[in-house]
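Below: one structure, written as C-alpha cells.
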Amino acid sequence: MSKNKIKISASVMCFDWKNVEPQLEKLVRGGIDYLHFDLIDGVFAPDFGIGTSVINSIRENVQLPADYHLMVENPSRIFETLIIRNGDLVTVHQEACRNLHRDILELKRLGARVGVALNPATHIYSLDYIIEDLDHVLLMTVNPGFKGQSLVEQTIPKINNVKSLLETFNSQASIGVDGNVSLANIPRMVAGGANHLVGGSSGLFVGNQDLTISLARFQEAINAAIR
Ligand code: DX5
Ligand code: ZN
C-alpha cells in the first residue's frame with residue numbers, strides 16, 4: 001500500500017464490533033498504514049469515541065501504527081494515557097487546545113508525530129504560527145463526532161489552500177482528510193492535495209461488503225486519482 005505516497009488510515013470507530021479480529025487481520029493483510037482511533041469527550045464534539053482501554057487492548061494485539069484523533073477539550077489531560085510508539089501520529093484540534101504550541105511540544109516529547117485538525121469552519125491561517133512544528137494537518141471534511149455524515153462541500157477547496165500554505169512554509173507535513181472519504185469523493189480530495197485518507201463508513205466499512213473488497217476498491221480509487 002505504501003507504493004504510492006497516499007497513506008490510508010482505517011477508522012476503528014466504524015468497525016463491525018462483532019468481527020473485530022477478522023477485520024484487523026484483513027486490514028493488516030491489505031497493507032493499511034494506520035489504525036485511526038477517534039477519541040471523543042462528548043464536550044468538544046458530540047457522542048463518545050473509543051476509550052483508552054479498548055484502544056490499548058487493540059494496540060497490544062496489532063502492530064499497526066496508531067493515528068489518534070483527539071476530539072477532546074483540553075486534550076493534554078489525556079496524553080499520558082495513550083500508548084505512543086515510534087511512528088505513531090497524534091492529532092489534536094486547534095479549536096480544543098488552550099496552549100496549542102505547548103501541546104505540540106509535549107506530544108513530541110512523548111515521541112509522537114504531531115498533527116493539528118481543523119473543523120470545517122476553522123480558517124487555515126490559524127496554522128500560520130505553528131506550521132513549522134507540524135508533521136500532519138488533518139482537515140475535517142465533516143463536523144467531528146459522528147460517522148456517516150454528508151460531506152461539507154466548502155472543505156474541498158480548503159484542501160488545496162492548505163497545500164499552498166504548506167508550500168509557502170516549505171513544510172513536508174502530510175494533508176489528511178477525515179469524514180465522508182468515499183469512492184466518489186476520493187478523486188477531488190486527492191486532486192486537491194490530500195495524501196492521507198481516513199477510511200470510515202463511507203469508504204471502507206461499507207454496509208455488509210467484505211472489507212478486503214472495500215479496501216481494494218478504496219486503493220483502486222486512489223490509484224485512479226493519481227494516474
Ligand atoms: C468523524 C470521525 C471519522 C469517521 C468518519 O467524526 O472523525 O474518523 O470515521 O468516517 P465516515 O464519515 O466515512 O463515516
Ligand atoms: Zn477521525
Side-chain angles (χ1 to χ4, degrees), residues 6-17 20 23-24 27 32-52 54-55 58-59 64-73 75 78 82 88-97 112-122 135-156 158-159 174-190 194-209 211 214-215 217-219 221-222:
I6 311 266
K7 303 281 186 211
I8 301 177
S9 281
S11 178
V12 174
M13 176 185 178
C14 300
F15 270 19
D16 166 6
W17 289 96
V20 175
Q23 285 173 106
L24 286 170
L27 291 171
I32 204 93
D33 297 288
Y34 294 89
L35 289 176
H36 180 91
F37 295 106
D38 288 301
L39 289 99
I40 314 179
D41 63 358
V43 178
F44 175 72
D47 209 1
F48 296 95
I50 315 151
T52 45
V54 174
I55 292 172
I58 291 177
R59 296 223 69 200
L64 283 170
D67 162 18
Y68 293 108
H69 177 193
L70 274 47
M71 289 169 270
V72 173
E73 200 60 48
I78 65 159
L82 303 171
D88 288 350
L89 178 62
V90 181
T91 297
V92 293
H93 268 262
Q94 184 273 342
E95 308 87 352
C97 295
R113 293 173 56 244
V114 182
V116 166
L118 301 180
N119 280 340
T122 303
D135 300 296
H136 185 61
V137 175
L138 180 64
L139 288 179
M140 293 306 295
T141 39
V142 300
N143 284 301
F146 298 104
K147 61 183 182 179
Q149 302 181 84
S150 307
L151 181 81
V152 178
E153 273 295 328
Q154 300 93 306
T155 61
I156 295 292
K158 199 175 175 186
I159 299 167
S174 46
I175 304 176
V177 280
D178 189 9
N180 207 319
V181 183
S182 62
L183 301 192
N185 289 330
I186 285 172
R188 295 191 295 162
M189 291 168 160
V190 170
N195 52 15
H196 188 150
L197 310 182
V198 179
S201 69
S202 319
L204 263 192
F205 301 91
V206 187
N208 291 327
Q209 185 169 275
L211 185 53
S214 302
L215 191 48
R217 289 187 181 157
F218 198 88
Q219 184 63 61
I222 294 172

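All ligand and atom numbering here is 1-based and tracks the order in the structure. Every value quoted in this text rests on a predicted model; they were computed, and no experiment measured them.
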Task: Atom indices of ligand 1, in the order listed, that fall short of 4.0 Å to a heavy atom of Gly179 - done: 12 (O)

Open item on the list: For atom 12 (O) of ligand 1, what's the nearest protein heavy-atom neighbour? Residue, atom name and distance, please.
Closed with: Asn180 N, 2.8 Å

Task: Distance-only N or O hit between ligand 1 and Gly145, under 3.5 Å - done: yes

Open item on the list: At less than 4.0 angstrom from any non-hydrogen atom of Asp38, what atoms of ligand 1 do you find?
Closed with: 2 (C), 3 (C), 7 (O), 8 (O), 9 (O)

Open item on the list: From the N, O or S atoms in His36, identify the one nearest to the Zn ion (ligand 2).
Closed with: NE2

- [ ] Check whether any N or O atom of Val198, backbone or side chain, sits under 3.5 Å from an N or O atom of ligand 1, and answer yes or no.
- [x] no

Task: Atoms in ligand 1 flagged as close to Met71, the criterion being non-hydrogen separation under 4.0 Å - done: 6 (O), 7 (O)

Task: Of all N/O/S atoms in His69, the name of the one nearest the Zn ion (ligand 2) - done: ND1

- [ ] Assess the side chains of His69 and Thr91: does a donor N or O sit below 3.5 Å from an acceptor N or O?
- [x] no

- [ ] Please could you name the atoms of ligand 1 that Cys14 approaches to less than 4.0 Å, counting only its heavy atoms?
- [x] 9 (O)

Open item on the list: Between Asp178 and His36, is there a side-chain donor-acceptor contact under 3.5 Å, judged purely by atom types and distance?
Closed with: yes

- [ ] Report, in ascending order of atom number, the atoms of ligand 1 lying under 4.0 Å from any heavy atom of Gly148.
- [x] 11 (P), 12 (O), 14 (O)

Task: Atom indices of ligand 1, in the order listed, that fall short of 4.0 Å to a heavy atom of His69 - done: 7 (O)

Task: Heavy-atom donor-acceptor pair, Gln154 side chain to Pro120 backbone, under 3.5 Å - done: no

Task: Phe15 side, atom CZ; Ile58 side, atom CD1 - distance, nearest 0.5 Å - done: 5.5 Å

Open item on the list: So Asn185 and Thr141, do their side chains get closer than 4.5 Å, heavy atoms only?
Closed with: no

- [ ] Decide whether an N or O pair under 3.5 Å exists between Ser202 and ligand 1.
- [x] yes

Task: Lys147, any N or O under 3.5 Å of ligand 1 N or O - done: no

Open item on the list: At less than 4.0 angstrom from any non-hydrogen atom of His36, what atoms of ligand 1 do you find?
Closed with: 8 (O)

Task: Any donor-acceptor pair under 3.5 Å from Asp33 side chain to Ser9 backbone - done: no

TODO: Can you see which heavy atom on Asn180 is nearest to which on Ser202, and at what distance?
DONE: CA-OG, 3.3 Å

Task: Proximity winner for atom 9 (O) of ligand 1, if only heavy atoms of Ser11, Gly203, Ser201, Gly200 are counted - done: Ser11

- [ ] Give the atoms of ligand 1, by number and element, whose distance to some non-hydrogen atom of Pro144 is under 4.0 Å.
- [x] 6 (O)

Task: the Zn ion (ligand 2): angle it makes with OD2 (Asp178) and OD1 (Asp38), nearest 10 degrees - done: 170°

- [ ] Kindly indicate whether the side chain of Trp17, heavy atoms from C-beta on, has any atom under 4.5 Å from the side chain of Val54.
- [x] yes

Task: Validation row: Ile40, Met13 side chains within 4.5 angstrom (heavy atoms) - done: yes

Task: Test item: Asp38 side-chain N/O and Gly49 main-chain N/O as donor-acceptor pair under 3.5 Å - done: no

- [ ] Would you mind finding which of Phe15, Phe146, Phe37 brings a heavy atom closest to atom 1 (C) of ligand 1?
- [x] Phe146

TODO: Taking atom types as modelled, find out whether Gln94 and Thr122 have a side-chain donor-acceptor pair closer than 3.5 angstrom.
DONE: no

- [ ] Taking Asp67 for its side chain and Leu89 for its backbone only, find out whether a donor-acceptor pair lies under 3.5 Å.
- [x] no

Task: Nearest protein heavy atom with distance in Å, relative to atom 5 (C) of ligand 1 - done: Asp178 OD1, 3.8 Å

